**Q** 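Encoded as C-alpha cells, here's the structure I'll be asking about.
Reminder, nothing fancy here: chain letters follow the sequence lines and each chain counts from 1. On a predicted model such as this, the values are computed, not experimentally measured, just so you know.
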2 protein chains.
Amino acid sequence: MKLTELKAIQLAELFSSLSDASRIRIIALLIGGEMSVRAIADGLGMTESAVSHQLRGLRHMHLVRARKSGRQVFYTLDDDHVSRLFTLGLDHVQHG
Amino acid sequence: MKLTELKAIQLAELFSSLSDASRIRIIALLIGGEMSVRAIADGLGMTESAVSHQLRGLRHMHLVRARKSGRQVFYTLDDDHVSRLFTLGLDHVQHG
DNA sequence: TGAATATATGAGCAATTGTTCATATATTAT
DNA sequence: ATAATATATGAACAATTGCTCATATATTCA
C-alpha cells in the first residue's frame, strides 16, 4: 500500500496513544461512559496528576474529549473509531 | 469496560508494535503482499539490520509471519486483524 | 573447501516515555 | 478576602526504544 511519510507518522502517533497499559485502562473505563479525572484516578489507583498527563495526550490525539462542569472535567471517548480500535485489538489479543 | 491488567498490558503491547512510523511503513508495504527483508529495506530506504530488528518485534506480536525460502525470508501480514487495524487507524487519522 | 549472499542478533548510545513531586490555575464555599 | 477542591503543567529522573555497527548463522555457488 502507498503511504506518505506524513500519514505513516500520524498513524504511528495514533497507535502510540494506545501503546500504554494505563491509557488502555483509561479508555476501557471510558467505554462505560463519561467520567471525571478523579473518578478515573480512583477507579485505576493512579494519581490525578498521572491521569491528567495521560488524558492530555489522548485529548491531543482526539481519542477523548473534555467537558468542563464547575471545577470538574468530564472525559468521554471522542468518536467510535476509538472503541472499534479497542475491540479489534482485543480480538487480536484473544485469538493470539 | 472491565479489563484485567494482563489484557491491558497485552493490548498496549499490540498497539506498541504499531506505534512507530518505520513499522507502519513495513506493514503498509506488506499489505501489497509477501516481501523479502531486502525488498522491504530497499523499498523503505532502511538498512536490512534495522528492518530485521523491527520484523522481529512484529513477528513476536504475531503481526507478521515469516516463510524461509533458500537464503531469503519472506514476510506477510499474519492475519486480517492487522490490515483491519491499519485501515481503521487510517480512517481515524483522515477524519482528524 | 572457501567466498558470497541473506538474514539475525547483541552491545551501545541518543532520544523518547511515564511517572512523581511541586506548583499553578480555576472554581466553589465560607 | 481566604480556604478548599479539581485539574493542569513543568522539571527531573529511571526505564524503554530504535538505530548503527560489528558479528554470527544459514544457505548457495564456484
**Q** Considering residues at least two apart in sequence or located in another chain, which fulfil the side-chain contact (heavy atoms from CB on, under 4.5 Å) criterion with B/Arg84?
**A** A/Leu88, B/Asp80, B/His81
**Q** According to salt bridge (charged side-chain N to carboxylate O under 4.0 Å, His left out), who are the partners of B/Arg23, at least two apart in sequence or on a separate chain?
**A** none
**Q** Using atom CZ of A/Phe74 as one end and atom P of D/dA8 as the other, report the distance to the nearest whole Å.
**A** 12 Å
**Q** Tell me the interatomic distance from B/Arg67, atom CZ, to C/dA8, atom P, rounded to whole angstroms.
**A** 13 Å
**Q** Using a 4.0 Å heavy-atom cut-off, write out nucleotides 20-30 of chain C from 5' to 3' as B (base contacted by protein), S (sugar-phosphate only) or - (no contact).
**A** BBB---SBBS-
**Q** Show me the side-chain donor-acceptor pairs of residues 46-53 of chain B shorter than 3.5 Å, one per line, residues at least two apart or across chains.
**A**
residue : atom : partner : partner atom : Å
B/Thr47 : OG1  : B/Ala50 : N            : 3.0
B/Glu48 : OE2  : B/Arg38 : NE           : 2.8
B/Glu48 : OE2  : B/Arg38 : NH2          : 2.6

**Q** Just to verify, what does B/Thr76 make a side-chain contact (heavy atoms from CB on, under 4.5 Å) with, not counting sequence neighbours?
**A** B/Glu34, B/Arg65
**Q** Is a side-chain donor or acceptor of A/Ser69 paired with a backbone partner of A/Gln72 at a separation under 3.5 angstrom?
**A** no
**Q** Checking A/His95 side chain against A/Asp91 main chain: does a donor-acceptor pair fall under 3.5 Å?
**A** yes
**Q** Over how many whole Å does the gap from B/His60 atom NE2 to C/dA8 atom C1' extend?
**A** 14 Å
**Q** Please enumerate all residues that pass side-chain contact (heavy atoms from CB on, under 4.5 Å) together with A/Val73, with sequence neighbours excluded.
**A** A/Ala66, A/Lys68, A/Tyr75
**Q** Going by side chain to side chain donor-acceptor pair (under 3.5 Å), name the pairs with one or both residues in residues 6-18 of chain A, residues two or more places apart or in two chains.
**A** none
**Q** Rounded to the nearest angstrom, tell me the gap between atom CG in B/Leu58 and atom C1' in C/dA8.
**A** 15 Å
**Q** For the hydrophobic clusters of this structure (ILVMFWY residues joined by side-chain heavy atoms under 4.5 Å, transitively), does one cluster hold both A/Val37 and A/Phe74?
**A** no
**Q** With respect to the phosphate group of C/dA8, does any side-chain polar atom (N or O) of B/Tyr75 fall under 4.0 Å of OP1 or OP2?
**A** yes
**Q** Taking the axis from the first five pairs and the axis from the last five, what angle separates them in the helix from C/dT1-D/dA30 to C/dT30-D/dA1, rounded to 10 degrees?
**A** 10°
**Q** Is there a side-chain contact between B/Ile9 and B/Thr4 in this structure, where contact means two heavy atoms from C-beta onward sitting under 4.5 Å apart?
**A** no
**Q** Measure from CG on B/Leu55 to P on D/dG18 and round the result to the nearest Å.
**A** 13 Å
**Q** Applying a 4.0 Å non-hydrogen cut-off, can you work out what A/Gln72 is touching in the nucleic acid: base, sugar-phosphate, or nothing?
**A** sugar-phosphate
**Q** For B/Gln54 and D/dC19, is the shortest distance between a side-chain N/O and OP1 or OP2 below 4.0 Å?
**A** yes
**Q** With a 4.5 Å cut-off on side-chain heavy atoms, are B/Leu58 and B/Ile27 touching?
**A** yes
**Q** Side-chain N or O of A/Arg56 versus OP1/OP2 of C/dG18: is the shortest distance under 4.0 Å?
**A** no
**Q** Mind running a 4.0 Å heavy-atom check of residues 3-38 of chain B against DNA chain C and sending the residues that fall below it, in number order?
**A** B/Ser36, B/Val37, B/Arg38
